[in-house]
Amino acid sequence: MSVSLLFFCLICLNIFCRCCRFVNFDYFCNMQNIHIFERYPLLPVALFLIIGILSGVGLVGIVVQGLWIVMLAVSVLFAVFAVRFRIMQTVLILVSVFFLGCFLGNRAEQGKHAELSDDTLYYKGVVKTEPKVHGKTIRFDVLLTEGELAGRCVRLSVLRDTIGGNYKSLKLNCGIAFKTCLKEPSNFTDSNFDYADYLLNHGIIAQGFVYYDNWKLEKPDLQHLPLIDRAQLNAHVVRRNILDNLKVSIFEEDVYAIIAAMVMGDKSALTKEMRNTYSLTGASHVLALSGLHLGIIYALLSFVSFRRRFKYFGSTLLICAIWAYAFLVGMMPSVVRATLMLSIMTFVGLSGRAPLSLNVLSLAAIVMLLFNPLNIYDVGFQLSFLAVAFIVSFHKHVNPLVPVEYQQRHRLVRWLWQLALVSFLAQMGTMPIVAYYFGNIPLLALISNFVVIPCTTVILYLSVALVLFGFVPLFGQAIGIVLSFVVSVQNGFLAMLSVLPYASIQDVDINMMQVVVSYSIIVCLLLASIIAIKHKCQKSDGRYWV
């Protein structure tokens with residue numbers, strides 16, 4: 001898997017280098033100037049950090065951590081003494097970043113494993129995720145609060161007592177004492193998905209099966225947990241209360257399931273049919289909290305943060321608000337990426353510079369990977385960064401296909417074109433990875449986004465209003481009715497698209513090398529299109545063409 005992701009990272013490097021070359025920037029190894037460092041100084045740093053992390057993970061057991069530290073120290077030392085040689089110092093800085101990534105990846109890979117006893121022992125912890133029924137068991141994650149494994153997460157499958165029904169008392173954040181033999185995560189025999197590695201990369205160190213009479217509820221002792229874990233547990237309570245209030249105001253289960261997923265990132269109420277409908281139509285991104293949702297909420301908060309009159313105070317208040325929301329919904333990688341980018345863009349915007357660039361995206365990636373190098377294996381992290389990378393890299397070059405002057409004169413045309421262009425670039429940036437992980441290529445995503453994105457905007461605004469003013473009887477009821485209508489329209493439209501012939505290509509089975517080839521083809525086609533667009537712009541001689 002590490003080798004495959006290394007290939008995936010290299011194709012990203014190829015994409016960025018081709019983009020920079022096309023717009024007449026030399027490669028970063030140019031002997032006279034290092035243009036990519038002058039325009040995008042953080043981009044190569046992020047790429048070398050990613051390659052280093054993948055290399056460090058792949059070489060666990062072959063190269064020890066101490067060797068990576070020595071190599072990092074030596075490269076930094078040489079970089080300091082090479083101050084008079086700009087190119088050599090640049091290369092040494094990148095080498096140092098690579099060795100830093102190797103060390104971080106090696107440490108994170110070793111740290112995700114824990115020493116587990118072969119005996120059946122008693123453990124105490126607190127329920128961290130909403131318990132879900134799976135056949136004869138109920139499954140949930142537990143944050144251990146005592147012993148050598150305090151602060152680590154395990155996934156439990158508790159056998160349900162259908163007669164007494166004691167399992168119904170298991171709730172989010174309740175304390176539990178249980179007896180089991182914890183085992184390191186293992187894969188399913190009939191699946192190609194690396195489930196064990198998925199759990200380990202998400203901080204779940206073990207799995208355990210608990211009989212119905214080998215557990216009991218017990219008040220949790222949280223004093224041994226880090227402050228951040230205790231804060232997250234409290235955030236889970238607030239999140240659960242908000243969801244309960246929404247459920248009271250929304251009577252239709254399908255409507256509530258969509259709102260819970262779009263607003264609070266809770267997908268537990270989504271049915272298999274609903275997931276399939278959104279997946280087949282390329283609208284799954286609205287069910288996963290990402291930059292789209294944060295951007296809409298950011299725009300809403302901008303109106304009430306006094307940014308026009310009190311610029312710095314309002315911007316600080318706005319950043320605190322979006323980080324509080326990110327913490328409330330669980331700090332998922334895609335949400336953290338969007339929150340980081342919005343925070344950086346807010347501060348950069350105060351200086352009058354272009355707020356959105358590859359530098360902002362690269363800085364967000366660097367910060368996230370420094371805190372948790374294993375984020376690189378998260379599907380949401382990969383999809384989120386690839387979508388934004390394609391939009392930032394190609395948008396300004398493809399945008400002139402409809403002349404800017406024409407867009408400025410016709411607002412509806414500009415809105416439709418921008419929505420179509422951003423959706424197209426995001427789909428091009430994520431399609432190979434979606435096919436690799438999910439075996440599905442939606443063909444109607446561009447059409448569905450013309451309805452889904454406006455509906456998502458309305459749904460998020462109405463949901464915020466319902467959370468804030470739902471206690472007002474008539475007002476809250478009116479919001480709930482309108483909200484249910486908008487969600488029903490969205491669900492009905494997607495259901496209609498999903499049954500159309502050739503709505504999607506299913507059962508796609510590709511490997512990482514084919515993903516690399518797919519990205520190469522996509523990039524070459526985009527570059528060829530950009531060349532044709534610029535050529536046509538020159539021949540148009542200032543006349544409008546659409």
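Any value given below was found using the heavy atoms of this structure, including those in side chains, with hydrogens, waters and symmetry copies removed.
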Taking CD in Glu253 as the centre, count heavy atoms belonging to other residues, nucleotides or ligands within less than 6.0 Å. Is the count above 12?
no

Decide if atom OH of Tyr167 counts as having more than 12 heavy atoms of other residues, nucleotides or ligands within a radius under 6.0 Å.
yes

Could Lys171 and Glu130 be called an ion pair, given the rule that one side-chain N must be under 4.0 Å from one carboxylate O?
no

Determine whether the aromatic ring centres of Phe381 and Phe385 lie less than 6.0 Å apart.
yes

Leu54 and Tyr377: side-chain contact (heavy atoms from CB on, under 4.5 Å), yes or no, with the steps?
CA-CA 9 Å; Leu54 296 177; Tyr377 292 95; 4.0 Å; yes

Thr456 side chain near Tyr461 side chain, heavy-atom distance below 4.5 Å:
no

For the atom pair NZ (Lys112) and CZ (Arg107), what is the distance rounded to the nearest 0.5 Å?
14.5 Å

Could you list the residues that satisfy salt bridge (Lys or Arg N to Asp or Glu O under 4.0 Å) with Arg155, not counting sequence neighbours?
Asp141

Within-4.5 Å side-chain heavy-atom neighbours: Tyr436 and Val379:
no

Taking atom types as modelled, is there a side-chain donor on Gln207 or Glu184 under 3.5 Å from an acceptor on the other?
no

Ring geometry between Phe98 and Trp68 (parallel below 30°, tilted from 30 to 60°, perpendicular above 60°):
perpendicular

Parallel, tilted or perpendicular, judged at 30° and 60°: which one describes the rings of Tyr198 and Tyr195?
parallel

Given the side-chain rings of Tyr123 and Phe178, with only the six-membered ring counted for Trp, is the space between their centroids under 6.0 Å?
yes

Give, for atom CG of Leu43 and atom CG of Leu361, the distance between the pair rounded to the nearest 0.5 Å.
8.5 Å

N/O donor to acceptor pairs below 3.5 angstrom from side-chain atoms of residues 419-427, sequence neighbours left out:
from   : atom 1 : to     : atom 2 : distance (Å)
Ser423 : OG     : Leu419 : O      : 2.7
Ser423 : OG     : Asn449 : ND2    : 3.3
Gln427 : NE2    : Pro442 : O      : 2.9

Judged by modelled atom types alone, do Gln382 and Tyr437 share a side-chain donor-acceptor pair under 3.5 Å?
yes

Hey, can you pull the donor-acceptor pairs under 3.5 Å for the side chains in residues 491-501, sequence neighbours left out?
from   : atom 1 : to     : atom 2 : distance (Å)
Asn491 : OD1    : Tyr278 : OH     : 2.5
Ser498 : OG     : Leu494 : O      : 3.4
Ser498 : OG     : Ala495 : O      : 2.8

